2 protein chains.
Amino acid sequence: MVSGMNAPASRKGAATRDQILDAAETAVLAKGFAGTSIDELIAAVGITKSGFFYHFKDKGALAKALLERYIAREDALFDDLFSRADELNEDPLHGFLVGLKMLSELLADLPTGHPGCLIAAYCYQDRLFDREVRALNTRATLGWRRRFRDRLDRIAARYPLRADVDLDDVADMLLVVADGGIILSKAVGETSLLPRQILLYRDYLRHLFQA
Amino acid sequence: MVSGMNAPASRKGAATRDQILDAAETAVLAKGFAGTSIDELIAAVGITKSGFFYHFKDKGALAKALLERYIAREDALFDDLFSRADELNEDPLHGFLVGLKMLSELLADLPTGHPGCLIAAYCYQDRLFDREVRALNTRATLGWRRRFRDRLDRIAARYPLRADVDLDDVADMLLVVADGGIILSKAVGETSLLPRQILLYRDYLRHLFQA
DNA sequence: GAAAAAACTGTACCTACGGTACAGCTTCGG
DNA sequence: CCGAAGCTGTACCGTAGGTACAGTTTTTTC
């Protein structure tokens with residue numbers, strides 16, 4: 001049960017493993033993957049180097065586990081957010097607009113700003129990772145495109161599209177605005193930049209589907 | 001003349017220095033800053049370690065020089081692009097729209113896709129750099145905000161804004177879409193994604209200022 | 001409560017990289 | 001032909017990633 005799926009919570013090792021991943025995620029988003037040393041992670045968690053290598057066979061296994069956990073959490077967040085928005089609203093357009101509003105508020109409530117997107121971090125360091133990890137990145141992104149594209153299709157079935165745009169591109173644009181917003185938020189040091197950009201995307205959607 | 005401003009082209013050292021920066025930029029965008037070794041740079045350029053340290057007192061000086069050159073080049077590109085668009089067009093809105101079209105086409109013509117934005121790469125590794133470098137990043141980004149904000153103000157003087165949006169946010173959104181577009185382009189491996197996202201931003205601008 | 005599996009620790013060692021120090025050589029413009 | 005610019009060569013240090021593996025403690029299971 002060293003590598004592979006998340007161990008059942010009953011096992012103690014899973015807690016340590018998660019602590020390592022927590023420390024690693026923070027560090028990788030602040031210093032990059034190569035800039036994150038195993039020594040600092042074990043110091044943060046309070047284990048030895050041997051303990052680290054018990055959980056991850058090498059640094060590459062850490063990279064993969066980190067990304068897998070991140071993707072699973074983001075998926076769960078989107079599931080939760082937009083299913084709640086759907087419950088509040090019958091109409092697919094209004095449901096999406098409500099979901100985006102909730103997303104923006106959720107991001108605005110992060111006191112120190114968004115910590116960063118692991119997908120983006122990995123993209124800017126992709127030569128450090130093997131094919132498997134890069135494929136994971138691609139697959140997750142395409143999955144999110146499909147997720148939002150499906151919602152846009154449901155909206156387009158009821159509302160006319162007021163511009164000649166590809167709905168895949170419009171779906172991508174949410175992730176584009178989110179990832180770009182995180183970067184600009186970090187660059188200028190304004191935590192409110194990201195949630196405001198999400199609202200701009202929301203406004204564009206209204207424009208696209210409504211009078 | 002070791003550090004500081006770009007040396008005059010007549011000096012041979014400037015050519016070597018630029019070669020180091022070329023190799024470094026490619027490597028940093030692919031593997032991150034910490035993942036880029038000085039050894040690989042000197043191997044790529046064909047000099048010795050001593051030669052490297054003749055040009056840069058340490059790796060931090062390389063980071064700073066790299067970012068300075070990148071910012072100067074991007075500034076020059078924006079100057080060139082939008083001044084050409086302005087010459088073709090009297091109207092500020094149409095001028096901006098033409099400039100965005102040209103930007104999109106320029107990005108579409110890159111055969112292997114956009115190599116990446118150094119600002120974004122540095123944001124995701126900012127703990128590796130000193131205050132000076134981080135301040136440079138912030139200043140450049142704010143400069144670009146101001147640049148586009150000024151154009152938007154000139155547009156808003158002639159065209160009514162069709163939504164309750166902050167023009168600083170709209171200005172930021174171009175960089176947001178560009179940086180986010182680069183990331184998604186890399187993530188899904190579609191070089192055409194970024195130029196298409198620029199066109200979506202262009203479409204949003206039309207929506208915002210026209211009927 | 002004992003056996004077995006899980007979750008570690010400790011020690012030793014290797015290579016690569018960032019960095020420092022400094023002496024010497026070569027090339028080129030004035 | 002001199003002096004500065006632009007390097008090379010050598011030697012050395014500390015830290016980090018990684019390997020190997022034997023031993024120990026903790027937890028789970030029967």
Side-chain angles (χ1 to χ4, degrees), chain A residues 1-24 26-28 30-66 125 127-130 133, chain B residues 1-24 26-28 30-66 125 127-130 133:
Chain A
M1 189 45 77
V2 168
S3 66
M5 299 304 104
N6 290 334
S10 63
R11 304 229 184 244
K12 188 212 169 202
T16 305
R17 192 184 143 97
D18 261 0
Q19 275 181 276
I20 298 173
L21 289 173
D22 287 342
T26 304
V28 167
K31 299 188 292 190
F33 187 72
T36 297
S37 72
I38 294 175
D39 281 354
E40 76 179 276
L41 299 180
I42 65 179
V45 176
I47 54 170
T48 63
K49 211 171 194 176
S50 310
F52 174 88
F53 285 108
Y54 172 77
H55 289 286
F56 305 100
K57 77 173 221 289
D58 56 22
K59 223 186 168 191
L62 173 70
K64 192 186 162 203
L66 207 54
Q125 300 168 56
R127 293 281 142 198
L128 297 178
F129 308 114
D130 56 28
V133 169
Chain B
M1 191 43 77
V2 169
S3 66
M5 299 304 105
N6 290 336
S10 63
R11 305 240 182 234
K12 189 208 168 205
T16 305
R17 192 185 143 97
D18 261 359
Q19 276 181 276
I20 297 172
L21 289 173
D22 287 342
T26 304
V28 167
K31 301 188 292 190
F33 187 72
T36 297
S37 71
I38 295 175
D39 281 352
E40 76 178 278
L41 299 181
I42 65 178
V45 176
I47 53 168
T48 63
K49 210 170 194 176
S50 309
F52 175 88
F53 285 107
Y54 172 76
H55 289 286
F56 305 100
K57 75 173 222 289
D58 56 21
K59 222 187 168 192
L62 173 69
K64 193 187 162 202
L66 206 54
Q125 300 167 57
R127 293 281 143 201
L128 296 178
F129 308 114
D130 55 30
V133 169

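Remember, it's a predicted structure, so these values are computed and weren't measured experimentally. Chain identifiers are assigned alphabetically (A, B, ...) following the order of the sequence lines, protein sequences preceding nucleic acid strands; residue numbering begins at 1 within each chain. Side chains are part of it too, since the values below use all heavy atoms of this structure and drop only hydrogens, waters and symmetry mates.
Here B:Leu66 contributes atom CG and B:Ile20 contributes atom CD1; the two are 11.0 Å apart, rounded to the nearest 0.5 Å.
Here D:dA16 presents its P atom at 20 Å from CZ of A:Phe56, a figure rounded to the nearest Å. Summarising the geometry, the separation between CG on B:Asp39 and P on C:dG19 is reported as 11 Å, rounded to the nearest angstrom. Here the P atom of nucleotide C:dC14 and the CZ atom of A:Phe53 are 17 Å apart, to the nearest Å. A straight line from CG of B:Leu41 to P of C:dG19 spans 12 Å, rounded to a whole angstrom. The NZ-C1' distance, from B:Lys31 to C:dA16, rounds to 13 Å in whole Å. To the nearest angstrom, C1' of D:dA16 lies 11 Å from CD of A:Glu40. Between the P atom of C:dA6 and the CZ atom of A:Arg17 lies a distance of 14 Å, rounded to the nearest Å. To the nearest angstrom, P of C:dA6 lies 20 Å from CZ of A:Phe52.
A:Asp130 places a side-chain N or O within donor-acceptor distance of the main-chain N or O of A:Val133, the cut-off being under 3.5 Å.
For the helix from C:dG1-D:dC30 to C:dG30-D:dC1, the axis fitted to the five pairs at one end and the axis fitted to the five pairs at the other end meet at an angle of 30° (nearest 10 degrees).
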With a 3.5 Å cut-off and sequence neighbours excluded, list the donor-acceptor pairs that the side chains of residues 38-48 of chain A form with protein atoms.
from: A:Glu40; atom 1: OE1; to: A:Lys31; atom 2: NZ; distance (Å): 2.7
from: A:Glu40; atom 1: OE2; to: A:Lys31; atom 2: NZ; distance (Å): 3.0
from: A:Glu40; atom 1: OE2; to: A:Ser37; atom 2: N; distance (Å): 2.9
from: A:Thr48; atom 1: OG1; to: A:Gly51; atom 2: N; distance (Å): 3.3

Without placing hydrogens or testing angles, list every side-chain donor-acceptor pair under 3.5 Å for residues 58-65 of chain A, not counting sequence neighbours.
from: A:Asp58; atom 1: OD1; to: A:Gly60; atom 2: N; distance (Å): 3.1
from: A:Asp58; atom 1: OD1; to: A:Ala61; atom 2: N; distance (Å): 3.0
from: A:Lys59; atom 1: NZ; to: A:Phe33; atom 2: O; distance (Å): 2.9
from: A:Lys59; atom 1: NZ; to: A:Thr36; atom 2: O; distance (Å): 2.9
from: A:Lys64; atom 1: NZ; to: A:Glu132; atom 2: OE2; distance (Å): 2.9

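A:Ser50 comes within 4.0 angstrom of a base, heavy atoms only.
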Check the pair A:Phe53, A:Lys57 against side-chain contact (heavy atoms from CB on, under 4.5 Å), reporting the backbone distance first and the verdict last. CA-CA 5 Å; A:Phe53 285 108; A:Lys57 77 173 221 289; over 6 Å; no
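The side chain of A:Tyr54 lies closest to C:dC8, out of C:dT20, C:dC8, C:dT9. With distances taken from any side-chain atom of B:Thr48 to the nucleotides D:dG9, D:dG17, C:dG18, the minimum falls on D:dG9.
With hydrogens and angles ignored, a donor-acceptor pair under 3.5 angstrom links the side chain of A:Lys49 to the base of D:dG18.
One finds no side-chain N or O of B:Ser37 lying less than 4.0 angstrom from the OP1 or OP2 phosphate oxygen of C:dA16. For the pair A:His55 and C:dA7, the criterion of a side-chain N or O lying under 4.0 Å from OP1 or OP2 is not met.
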